[in-house]
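Report on the structure given below.
Numbers restart at 1 for each chain; the letters A, B, ... are given by sequence-line order, proteins then strands.
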Number of protein chains: 2
Amino acid sequence: MASRAKATIFDIAREAGVSKSTVSLVLQGSGLIRPETAVKVRKAIEDVGYVYNRGAANLRKAHSNVIGMVINDLTNPFFAELAVGMERVFQSAGIVPFIANTAENPVRQEEVLKSLMEQGVAGLIVSPARGTTPGAFRRLETAGVPVVFAMRRLPESRIPVIAPDNHRGAYLATAHLIGKGHRRLVFFGGTSDLVVYQERLGGFREACETLGIAARDTLVVQGETSRRGGIACLETALAMAEPPTAALCFNDAVAFGVMLALRKRGLEPGTDFAVVGFDDVVEAEHYMPALTSVSVDTAGLGERAAHVMLKMIQSRTTRAEDHIGAVNLVVRESCGPNRSADLGMGDAA
Amino acid sequence: MASRAKATIFDIAREAGVSKSTVSLVLQGSGLIRPETAVKVRKAIEDVGYVYNRGAANLRKAHSNVIGMVINDLTNPFFAELAVGMERVFQSAGIVPFIANTAENPVRQEEVLKSLMEQGVAGLIVSPARGTTPGAFRRLETAGVPVVFAMRRLPESRIPVIAPDNHRGAYLATAHLIGKGHRRLVFFGGTSDLVVYQERLGGFREACETLGIAARDTLVVQGETSRRGGIACLETALAMAEPPTAALCFNDAVAFGVMLALRKRGLEPGTDFAVVGFDDVVEAEHYMPALTSVSVDTAGLGERAAHVMLKMIQSRTTRAEDHIGAVNLVVRESCGPNRSADLGMGDAA
DNA sequence: GCCTATAAATGGAACGTTCCAATAAATCAA
DNA sequence: TTGATTTATTGGAACGTTCCATTTATAGGC
């Protein structure tokens, strides 16, 4: 049963009474072989318990069928959703993507990338770790391995990017806050070394400017892009002389942290302080209060990224168009009712 | 710069003026080569932009250095924590584990397993998908690939398991509930095709029996092991003639769902209905109210699994001891204060 | 029945490594 | 010096595939 050494096509060739070439042809589903022969060979494969050696095959073939997905934070459910979208399309292409985690660590990322290259990946979908050096993907480029960035990008890179429209998302969210009557706004979380941060902050600022909020009434508090970061941001903001009344958060995790911190201080998110998140992860809808957030169709972006990747591999190119995904604001409960009344603008006192 | 075909050890041998064998030795860090020669070779490697072809190497070598991690639900943060623990130990062994998601689908799992085998993995750490057929891992076994199950197990399998002490965890949690004065208890979520379910339910039942809760006062409501499942379970339970006052949930996700559903009905988790979860994911502590849960040291189990795997690979065996991890109940707010007073057992009326 | 066209199956040479056995060079004991 | 030993380096034969160029068998046209 458990044969000593592992079976090769030679073993199954002997078993089936054909040549190794025939076996190879069958393995590849070539139409050149007689159906009865194919059946015979397939039976032998089953009997012997043969397992295909893709490494050996790749030695001869131009391309492997391995696609790697390099993710900066596996514990953020956001990326799990992204992965799910990608898997959907790769599955129908008969590809199993391998996921590797860099834990937001550029050194670890370097190792992961190296390992994946040595493995001979056909392509890579990457959400780069914070602090990635410009040259980190040089090696991939010179090796001609297709790479696409998902969600995040590097400042000056030529690598195609699949990401949501961060600027517009932030603009929409901010406009919503202003529409609710808020006049002192803050942007919570994130740090300026992230391009995404620049984009979201840019949308926030443009909305404030366009909709008549004075620059001195807009605040920015940087911080970790996690629940913990959100808690810290809120503390900082409330300690100010003239604290804000509404926050756009870098992402949902930060928003959850902010809501938590509000509650701890006896303030009610929504009524006492408005908060909106970004990404619209599944938890957003289930929170108390449900979080108003910018929905980015994460799984859809994952699908898109996978499609782009497939096309790049097929056409043996390393370049592709960027793709900016549509966003829309999902209004729930975390911004409460309109504030216009408080400001003496309503007709009912 | 971008050379036509990819460089091989021959190219770098020519560049450095040595033989391919010498290059190979340098690559493996053999102490047999003269330091100056090694330096020369390493320079050539850098210059040429060489990337090691692990597939070719594996053709000759007995073992690859790839370890696969097969996970049934990437969107459950629980598994991300498990992965993080494993990565810690593999990293220090110079191994990059590849993660693949089966999305709780046995067919998908079959594909993933096949792909991983073809890739020539050195070992597999698996949390099997629900409904996995007994024979699903036969092929792995006959191929002699070390496999360890993490968190979940298969009914009759000989494959080593790393999992928390589910029985004891459930017992502790149930005892806690009973200690709080609850007399009508329910077990929420999960289905009997999961061994874990049997274990946790077993602990629940034993606690009830031992601590004097009549069998007619214990309920069981099966359901999905997700937030949604928890919501459904609560609805079912509250619709009963004599509804329970406390629930042990299959896992934290179910518990979150239950708390959500309670709130929707205007009931306050903790005071109106006690709920305890299982797994103690990071969110548990941040919920409102914070969730009392059975902590299983997920990352620790991940580390353990990785260690066992490493040892199996090293000793070329496919067998190992099971490992049952310690659990402990983390009491937070979701079970509220003691109920004894309500039952006329306290001294203050 | 013979020649040609088509279909089916095959042998051999890669592919990029590792590792063993062999060689070449340097060191040492006599 | 010479032979034995150690230290560095090297050629060659695998490893399990693919794919091209052949060969062999089958059928078709006359």
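With hydrogens and angles left out, the side chain of B/Ser19 and the base of D/dG11 share no donor-acceptor pair within 3.5 Å. Counting atom types as modelled, A/Arg60 pairs no side-chain N or O with a base atom of D/dT17 as donor and acceptor under 3.5 Å. You'll find a donor-acceptor pair under 3.5 Å spanning the side chain of B/Lys20 and the base of D/dG12, going by distance alone. You won't find any donor-acceptor pair under 3.5 Å spanning the side chain of B/Arg34 and the base of D/dA8, going by distance alone.
Atom P of nucleotide C/dC15 and atom CG of B/Asn53 are separated by 12 Å, given to the nearest angstrom. Atom P of nucleotide D/dT18 and atom CG of B/Leu59 are separated by 12 Å, given to the nearest angstrom. Atom CG of A/Leu27 is separated from atom P of C/dA9 by 15 Å (rounded to the nearest Å). Atom CG in B/Leu32 sits about 17 Å away from atom P in C/dA26, given to the nearest Å. Note: NZ (B/Lys6) to P (C/dT17) measures 11 Å, nearest angstrom. The interatomic distance linking A/Ile9 (CD1) with D/dC15 (C1') rounds to 12 Å, in whole Å. Taking atom CZ of residue B/Arg14 and atom P of nucleotide C/dG16, one finds them 12 Å apart after rounding to whole Å. One interatomic measurement links the two molecules: CD of A/Glu36 to C1' of C/dA9, which rounds to 13 Å at whole-angstrom precision.
At a threshold of 4.0 angstrom between heavy atoms, the contacts of B/Ser21 include nucleobase atoms, whether or not backbone atoms are also involved. Across all strands shown, A/Tyr52 has heavy atoms under 4.0 Å from sugar-phosphate atoms exclusively, and none from any base. Within 4.0 Å (heavy atoms only), A/Ser24 reaches at least one base atom of the nucleic acid.
You'll find the side chain of B/Arg316 stays beyond 4.5 Å of the side chain of B/Pro146, heavy atoms only.
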### Message
Assess the residue pair B/Glu104 and B/Arg152 against the criterion (salt bridge (Lys or Arg N to Asp or Glu O under 4.0 Å)); give the C-alpha distance rounded to whole Å, side-chain angles, the decisive distance to 0.1 Å, and a yes or no.
### Response
CA-CA 12 Å; B/Glu104 206 72 275; B/Arg152 288 182 176 184; 2.8 Å; yes
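Taking the nucleotide of DNA chain D with the nearest heavy atom to each of A/Gln28 and B/Ile33, the more 5' of the two is matched to B/Ile33. Checking A/Asn58 against B/Leu25, the closest nucleotide of DNA chain D that is more toward the 5' end is the one next to B/Leu25.
Between the side chain of A/Asn76 and the main chain of A/Phe79, no donor-acceptor pair closer than 3.5 Å is present.
Taking 4.0 Å as the cut-off between side-chain N and carboxylate O, B/Glu141 and B/Arg138 do not count as a salt-bridged pair. At a threshold of 4.0 Å, the pair B/Arg139-A/Glu46 counts as salt-bridged, since one of the basic side-chain nitrogens sits closer than that to a carboxylate oxygen. Of the charged side-chain nitrogens involved, at least one lies within less than 4.0 Å of a carboxylate oxygen, so that A/Glu118 and A/Lys114 count as a salt-bridged pair.
Over its length, the helix from C/dG1-D/dC30 to C/dA30-D/dT1 turns its helix axis by 50°, as judged from the five terminal pairs at each end, rounded to 10°.
At the phosphate of C/dA9, OP1 or OP2 sits under 4.0 Å from a side-chain N or O atom of A/Thr37.
For B/Glu156, the CD atom is densely surrounded, since the number of other residues' heavy atoms within 6.0 Å is greater than 12.
By the 30° and 60° cut-offs, the orientation of the rings of B/Phe149 relative to B/Phe137 is perpendicular.
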